[in-house]
Chemist: 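Can you read through this structure? Questions will come right after.
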Amino acid sequence: RKEVEQDPGPFNVPEGATVAFNCTYSNSASQSFFWYRQDCRKEPKLLMSVYSSGNEDGRFTAQLNRASQYISLLIRDSKLSDSATYLCVVLNTDKLIFGTGTRLQVFP
Amino acid sequence: DVKVTQSSRYLVKRTGEKVFLECVQDMDHENMFWYRQDPGLGLRLIYFSYDVKMKEKGDIPEGYSVSREKKERFSLILESASTNQTSMYLCASGTGGVTEAFFGQGTRLTVV
């Protein structure tokens, strides 16, 4: 079983839609959680950290459920510029473990 | 602005060659990482280092070695390149505790 699992997508949504991605992780001792964004042929960049209480950054909301070992990312009012691959990332003892990513395509 | 610089964007090497991939960061980060990224497999950790001269194996260290002689520099070495090492290689750095990892632009290595 992979340490971090994500639905690869693609998710094809119209502009203005709300879309949600989920991710599960296998190590209950994982310390920290993140969502990264990767544009085509570019390096991954941090989108947001994920906190137990849930956190929001503009149109983006991240949630963590430690009991069920899953992380979610909600994007409201999708923009064309949100098209990218979203990577779920878990920190295990100084090792950053990446999911394979979920591809989002927003169309006009 | 944090900068992580990889020595080459594109590299073509022959089977059996020794290959050096260099990575330099300018933020005095303790932790540095090497990943490879392949379609359908995502980013897989090859090696990481949390201090000078320290190294730890990641999930796929076979066929690779690393060197960290200075805090800002982390090198990945392919001792004898093989075609199955054709991939995108990404270097990253982060503070102790890794609240965020910053990536270099990647090196696309082709082994022929």
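Computed over heavy atoms, backbone and side chain alike; hydrogens, waters and symmetry mates excluded. Numbers restart at 1 for each chain; the letters A, B, ... are given by sequence-line order, proteins then strands.
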Chemist: Examine M88(B) and L87(A) and state if one hydrophobic cluster contains both, with Ile, Leu, Val, Met, Phe, Trp and Tyr joined whenever side-chain heavy atoms are less than 4.5 Å apart.
Modeler: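 Yes, M88(B) connects to L87(A) through the hydrophobic network.
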Chemist: Is it true that atom OH of Y51(A) has more than 12 heavy atoms of other residues, nucleotides or ligands lying nearer than 6.0 Å?
Modeler: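 Result for OH/Y51(A): open.
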Chemist: With the 4.5 Å side-chain cut-off for hydrophobic clustering, are L64(A) and W35(A) part of the same group?
Modeler: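 Yes: a chain of side-chain contacts under 4.5 Å links L64(A) to W35(A).
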Chemist: Does the separation of the ring centres of F103(B) and F98(A) fall below 6.0 angstrom?
Modeler: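 F103(B) vs F98(A): aromatic centres under 6.0 Å.
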Chemist: Restricting to non-hydrogen atoms, name the atom on K95(A) and the atom on F33(B) that form the minimum distance, rounded to 0.1 Å.
Modeler: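 It is CA-CE2, 4.4 Å.
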Chemist: Select one option (side chain, backbone, both, neither) describing which atoms of K2(A) are under 4.5 Å from chain B's heavy atoms.
Modeler: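 For K2(A), side-chain heavy atoms alone lie under 4.5 Å from chain B.
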Chemist: Using a cut-off of under 4.5 Å on heavy-atom pairs, state which of Q38(A), Q6(A), K42(A) scores highest against chain B.
Modeler: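 Looking at each of Q38(A), Q6(A), K42(A) in turn, Q38(A) comes out on top.
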Chemist: Should we say atom NZ of K71(B) is surrounded by more than 12 heavy atoms from elsewhere, each under 6.0 Å from it?
Modeler: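 Enclosed.
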Chemist: Which value, rounded to the nearest 0.5 Å, describes the distance between R41(A) atom CZ and R108(B) atom CZ?
Modeler: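 Spacing of CZ (R41(A)) from CZ (R108(B)) equals 6.0 Å.
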Chemist: Sort out for me which of P8(A), P44(A), G99(A) touches chain B most, counting heavy-atom pairs under 4.5 Å.
Modeler: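 Maximum pair count with chain B is reached by P44(A).
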Chemist: Please identify each residue that fulfils ring pair (Phe, Tyr, Trp, His ring centres under 6.0 Å) with Y86(A), with sequence neighbours left out.
Modeler: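 With sequence neighbours excluded, Y86(A) shows a ring pair (Phe, Tyr, Trp, His ring centres under 6.0 Å) to F21(A), given in chain and number order.
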Chemist: Taking CZ in F60(A) as the centre, count heavy atoms belonging to other residues, nucleotides or ligands within less than 6.0 Å. Is the count above 12?
Modeler: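 Count over threshold, so yes.
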Chemist: Are more than 12 heavy atoms from other residues, nucleotides or ligands located less than 6.0 Å from atom CZ of R103(A)?
Modeler: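 Open.
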Chemist: How about residues 39-66 of chain B versus chain A: which residues have heavy atoms under 4.5 Å apart?
Modeler: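 Result: G40(B), L41(B), G42(B), L43(B), L45(B), F48(B), D59(B).
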Chemist: Are W34(B) and V111(B) linked, directly or through intermediate hydrophobic residues, by side-chain heavy-atom contacts shorter than 4.5 Å (ILVMFWY only)?
Modeler: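 Yes, V111(B) connects to W34(B) through the hydrophobic network.
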Chemist: Group every Ile, Leu, Val, Met, Phe, Trp and Tyr by side-chain heavy-atom contacts under 4.5 Å, then state whether V90(A) and L47(A) land in the same group.
Modeler: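 Same hydrophobic cluster.
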